[in-house]
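What follows is a short report on a single structure.
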Amino acid sequence: MSEYRHVYISEIGNHQGQDICLKGWLYNKRSSGKLHFLQVRDGTGIIQAVVFKGDVSEEVFATADRIPQESSIEVYGTVKEDKRSPIGFEIGVKDLELISEAEEYPISPKEHGVAFLLENRHLWLRSPRQLAILKIRHQIIKSIRDYYNNNGFLLVDNPIFTPAACEGTTTLFETEYFDEKAYLTQSGQLYMEAAAMAFGKVYCFGPTFRAEKSKTRRHLTEFWMVEPEMAYYDLNMNMDLAEDFIEYIVREVIKHNRPELEVLERDISRLENIKKPFPRITYTEAIELLASKGKEARWGDDFGAEEETVISESYGRPVMIHRYPAQCKAFYMKEDPDDSRLAMCVDVIAPEGYGEIIGGGQREDNLDVLLTKIKEHNLPQEAFEWYLDLRRYGSVPHSGFGLGIERTVAWICGLHHVRETIPFPRMMERLRP
Ligand code: 4AD
Ligand code: MG
């Protein structure tokens, strides 16, 4: 059948009336008398291929009748307009080649429990819902890279093996490193600060690791983070960047992923409301807001998921909460010159209860203050000598933040749990498949 050109389902519309070949898998099937309706998927979409007894050999008709779900097949036929189909076309089958007949497939199109689906994540990925989610993830990552690449940032890759903690010592994954101990990176930030002093505006984008012992719908042990870091940026400039960046990502997804958002039944009007400026409130104002909604929080405690959800309900847009008590935050945060109890930090809380998607702030650029902070946090000074050098040689005000990819995907897609936002999630109780 060499005259039949291989075409992907996503491009089928350009081939109306032509004889083409599809290479894919059988997603679902229904039959009625002289007709088999094969739902064929090829990774770019799903299309109905109609096998009419009168059009094919007896053998092909019997094969279409027999083969189970997820068998791999090549379908030869004519592209026909079909107004009832979601993609507008179907295939009139002339021939069919079975590449590999599948065993009985464990995931049928009916409902399954999440635990079972996670066990079978390697197969679950084949469902249209997972395709929609991962296409949106793909677009989000592309938009992130486009945003920084088009705004004068240099991509600087951070190391994954690190000698010291960035985000607290309780969530470190330790590993042997010859005769030493190393930790998997929790954040590339400290290295980005060095890079910002070298190159001005930089970003890193990669996997980060935290031994999170909490089983929540927002925590993974391995997640992806993009971290911009900018020399000569203060906290306000950092917040300006964060809101512009988020607005851009959401706009790009709306522009490119409407069909996928529809598969996920996402309320797109909520995403269309994501416009600058985002509300900016201080931590202390957030405490007052919580109190006014009958949710008492003690000044000095960090916010958890419940507080973040109540705060986010007041706004249809992401809210930026700045100037938390220093005690809630990491050692590197710049002390507020107007109130030494506060850190010049910002968390961005997504709407609709999706929680914190960005954490960041202005960095402490004063050598002596930073030394005190390292001691107060009981961190080993030797491990941070190189980092302290950045304050010894031409220290400048600088800021940055980290945006968690999976929480951002969960929010934009409207998914209850981050486990579906990454191809192979790693959580406290999940290392397989
Ligand atoms: O707030 P975090 O801990 O900030 C940092 O790591 C900074 N060093 C970043 C920086 O300033 N360069 O983490 C940043 C974001 C969070 O807002 C959240 O979106 C995500 O990373 N995140 C997680 N996502 C999934 N699972 C986890 N366990 C996460 N921990 C943080
Ligand atoms: Mg944080």
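In listed order, ligands and their atoms are each counted from 1. Computed over heavy atoms, backbone and side chain alike; hydrogens, waters and symmetry mates excluded. The structure presented is a predicted model; accordingly, all values stated were derived computationally and were not measured.
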From R210, E227, R407 - option closest to atom 9 (C) of ligand 1 by heavy atom: E227
Six-ring centre of F37, R30 cation under 6.0 angstrom, axis tolerance 45°: yes
Closest to atom 17 (O) of ligand 1 among E406, E356, R426 (heavy-atom distance): E356
Mode of M225 contact toward ligand 1 - side chain, backbone, both, neither (heavy atoms, under 4.0 Å): side chain
For atom 7 (C) of ligand 1, closest protein heavy-atom neighbour: E167 OE2, 3.3 Å
Atoms of ligand 1 close to G404 [distance to a heavy atom under 4.0 angstrom, numbered from 1]: 15 (C), 19 (O), 20 (C), 21 (O)
Numbered atoms and elements of ligand 1 in range of G360, under 4.0 angstrom, heavy atoms: 11 (O)
R391 bridged to E193 by N-O distance under 4.0 Å: yes
Distance-only polar pair, side chains of Q189 and E229, donor-acceptor under 3.5 Å: no
R84 and E90 ion-paired at < 4.0 Å: no
Residue that, paired with I91, satisfies side chain to side chain contact (heavy atoms under 4.5 Å, CB included) out of V79, D82, V50: V79
For atom 19 (O) of ligand 1, closest protein heavy-atom neighbour: I357 O, 2.9 Å
Which segment of I358 sits under 4.0 Å of ligand 1 when only heavy atoms are counted: backbone
All side-chain hydrogen bond (donor to acceptor under 3.5 Å, both in side chains) counterparts of R341, not counting sequence neighbours: D339
Closest candidate by heavy atom, reference atom 11 (O) of ligand 1, pool Q186, M192, R363, R218: R363
SB check R407 E308 (cutoff 4.0 Å): no
Of all N/O/S atoms in E356, the name of the one nearest the Mg ion (ligand 2): OE2
Worked check of side-chain contact (heavy atoms from CB on, under 4.5 Å) between F223 and T208: CA-CA 5 Å; F223 62 97; T208 45; 3.2 Å; yes
Heavy atom of the protein closest to atom 26 (N) of ligand 1 (residue, atom name, distance): L220 N, 3.0 Å
For atom 29 (C) of ligand 1, the option (of Y203, Y332, F223) bearing the nearest heavy atom: F223
